[in-house]
Amino acid sequence: MTDTKWVYLFTEVEQAEAHVGNDWGLVRDLLGGKGANLAEMTRIGVPVPPGFTVTTEACNAYLEAGEQFPSGMWEQELEAMKGVELQTGKKFGDPSNPLLVSCRSGAKFSMPGMMDTVLNIGLNDETAASLAKMTDNESFVYDAYRRLVQMFGSVVLNIPDEAFEDMLDEYKEQKGFKLDTDLTTADWKALTEKFKVIIREHKGFDFPEDPNEQLRMATEAVFSSWNGKRAVDYRNAAGISHDLCTAANIVTMVFGNMGSDSGTGVAFTRDPATGENKIYGDYLINAQGEDVVAGIRNTEKIENLEQDLPKAYAEFIDICDKLEDHYKEMQDVEFTVENRKLWMLQTRDGKRTANAAVKIAVDMANEGLITKENAVTRVSPEQVDTLLHPQFDKDAKSQAERDGNLYAKGVNASPGAAVGQVYFDADTAERMAEEGGKDVIMVRPFTKPDDVHGMLAAKGILTSEGGATSHAAVVARQFGVPCIVGAAEIRIDLEKRQMQAGGSVVAEGDWISVDGTSGEVFLGQISTIAPSIEEQTDLLTLLSWADKIAAQPGTRVSPEGWPTAGLQVWANADYPADAVRARSYGAIGIGLCRTEHMFFEQERLPIVQRMILSDSGEERKAALDELLPYQRSDFEGLFEAMDGHPVIIRLIDPPLHEFLPSEEELLEDVITMRVKGESEGLAEKEELLGKVQSMHESNPMMGLRGVRLSIYMPEIVEMQVRAIFEAAANKTLEGITVKPEVMIPLTGTVNELNWIQPRLERIAKQVNAEKNASFDYKFGTMIEIPRACVTASEIAEVAEFFSFGTNDLTQMTFGYSRDDAERNFLIQYVEEGILPENPFQTLDQDGVGRLMALSVNDGRAARPDLEVGICGEHGGDPASIEFCHLIGNNYVSCSPFRVPIARLAAGQAAIKHRGIQIPAN
Ligand code: ADP
Ligand code: MG
Ligand code: MG
């Protein structure tokens, strides 16, 4: 135990490396980020004031032992101090040439301002007096001394800082001073004495004059600050582990407050807001470190330092370059100039906006500082997400907050900013947007599938109920509409057409601003800035690199027929306009086109209803014939937009009653008409009601839908297949390369495919013969029923491709109905740790994922070149994308708005798992 090395001089970084096995991550664990980088800067020749680090292991041992230094630690600390004395030529506690130090906290991950630091340790009545003489700068020394007493009192001894601040204010007021700089030596001396009295009064003992005692207590305070409330809260919020502990860094003091040849500042090596390759920061002449951050004086822009202290500035710029070169990252540094001599006090990777992250990564790769692969891993998929949604102008938003316009808060379900007028139902929202040309925010307690037209017409969506995976949230994300759900404090009165929160009423037509990124609702209009992907050239560059990396053959090592490159990214797109957007966002295929959406359009729905309600085969056929041209023209648009790329079209999936008015609604109408004695149209309504009642299913999700519906009523899908192949043939004849893939939903047994697929293939052949066109096409199925997964080898005999519909597959694997689960118990399940996450957001790899892996393996055993993809919402979730890479998917397909995120995630998966063997077992 006693031979444990608890203390490392900054010059001993090699020993630290040897101790942890030459792993820089572990050096940071041991010395903390601040300590490790101070040592590293020392090693590469950057001027750092001499010092040493007491390790996080010492802190851990100290806290474990009930606040007792581990044996040997304190002796090593004193020994290290001798080393620093040797390096500086000064002596700790020696009045003839006193060494002063700071004692600074520093954990592995930076926790700005969360833990403690004490400056000017080593000052006492004696050393202060002699230092005053030596520096010929009394007021500086006594200012430093009172700072020590103050910091020691508040930080080490836990006396509320106000005790000292109030005393200082009182003193200034008595003397008629305004600024700290008005105070003279005599004033600082007097205040130092008063501060000492405060300590005595609060603690019953004196401020320790003995420098060793000061150091010992400061070290303890830094260690203990790891468990301070602020630090614990921060770690909880930032997801930092509680057992890393902090190191204590003892650093020779350098003084920026020695006059006009001295100063101090903080800077980023590049602009953290824009990413521009230009030093960005502030400094103050004649000031100590914390003055810059505290904002008590107006700082100067870092560029001006060139005039004030040209030599130090030039050296500083050199050092910034050197640090970036060394760390290959944008750095955030602290420095001090003491009598024209520059000292670096800290460096760390700088925090930055999403915008800056992308620009810096791309620039650094272009500068040759990092590889393109590094660049691709430097940006997170979430950062890409924020870049693609309109955002509020920051200043305008803070102004709105100051003006008291923050109205309510909810769940930030779909990012981006939206400003518009409030409308309380889908029809009005759509009408106001389309006919009235208004910007609309659709507000509802919650939304349902038949609200979608209003949601699509809206600039933003707000609900008072529901969570991050409610219908409103899912649809909003799918279509990239900013959305807040579950803003519980808002009470919506649909009768009065108004909502109320915190006493203020918003009526229909009033303006609000919705921040889907933060979940805040504001009254009135806040100005926004709208990013477009075409303008984001750096992002486009980065994504093109990600694509190239993923497309490299050999990325995955796999059997014949399986993909050897990484994942492709396709998009779910129902309309030609979606397909165009998907292409511009970089999708190279459509993984899911939901044909039923086409049925809902205004002029088509009556035809669809007529088709459903028809009594005779002829009637039905007539209605379908009317629908065919609509479908054909939609498909033509899709093929045109996707020239040369595959388009997977799913045949009708939902139960038919979804296209009819609801039973309750009809019943209400019929009763009202009867009561009022209105006879016109009553018979029709009654008949419709009867039909709807006869189609009632007690569990429609598991009822007549998907392939079952196609077998029960094949005319619909026969029409759809005809429309698909006519469109494909027409476009082929125009010179467009079409690759249609017809997808049969909800297969549970191969016999379903055996029944329906040959009929449909016959139609395909027939159309091609009629049109004299030839092109590649496939027939395949969605895999969304567990039975399909376990019988995948049989199904693959017939199906030429699989597409995992992970929404349904998750429902059926867990036996949850999504809506019920999310409404009732899922949140509790996640809170109680019964489920690690909402399985509808992030794929359940252990259950659903195993079924998927099994399907891929068995399916490809039967058909080695089986094309496999995913088209559920998980296709846009980075963790699920990585999983799809590992099980051997060919592609992931997601909403067009998530395509850029998926491209980055696919590139990152390829890098992380380069050369992985699939299937892995
Ligand atoms: P934080 O992690 O909160 O930034 P630091 O340990 O970096 O805390 O220190 C707080 C301030 O004191 C910073 O401005 C830093 O530059 C300054 N400082 C710390 N040690 C010294 C020193 N030895 N000489 C001069 N200034 C110092
Ligand atoms: Mg700092
Ligand atoms: Mg499904």
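Both ligands and their constituent atoms are indexed starting at 1 by order of listing. Computed from heavy atoms alone, side chains included, the values below leave out hydrogens, waters and symmetry copies. If you're wondering where the values come from, they're calculated on a predicted model, not measured in any experiment.
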So, regarding [X] and ligand 1 (criterion: nitrogen or oxygen to nitrogen or oxygen, under 3.5 Å), is there a contact or not?
| X | answer |
| --- | --- |
| Lys34 | yes |
| Thr336 | no |
| Leu119 | no |
| Arg348 | no |

At under 4.0 Å between heavy atoms, what of Val251 touches ligand 1? The answer is both

Contact region, Glu334 to ligand 1, non-hydrogen atoms below 4.0 Å, reads side chain

Q: Given ring pair (Phe, Tyr, Trp, His ring centres under 6.0 Å), test Tyr8 with Phe52 step by step and report yes or no.
A: CA-CA 5 Å; Tyr8 291 84; Phe52 58 85; over 10 Å; no

Any ion pair linking [Y] and [X] (charged N to carboxylate O, less than 4.0 Å)?
| X | Y | value |
| --- | --- | --- |
| Arg340 | Asp261 | yes |
| Lys5 | Glu77 | no |
| Glu220 | Arg216 | yes |

Answer key: the N, O or S atom of Glu334 nearest to the Mg ion (ligand 2) is OE2

Within 45° cone and under 6.0 Å: [X] NZ/CZ vs [Y] ring:
| X | Y | answer |
| --- | --- | --- |
| Arg235 | Trp226 | yes |
| Lys311 | Tyr313 | no |
| Lys189 | Tyr142 | yes |

Closest to atom 10 (C) of ligand 1 (heavy atoms only, candidates Asn120, Asp332, Thr117) is Thr117

Examine ligand 1 and decide if any of its atoms is less than 4.0 Å from a heavy atom belonging to Gln288.
no

Under 4.0 Å from one or more heavy atoms of Val254, ligand 1 contributes atoms 24 (N), 25 (C)

Short check: any N/O/S atom of Gln346 below 2.8 Å from the Mg ion (ligand 2)?
yes

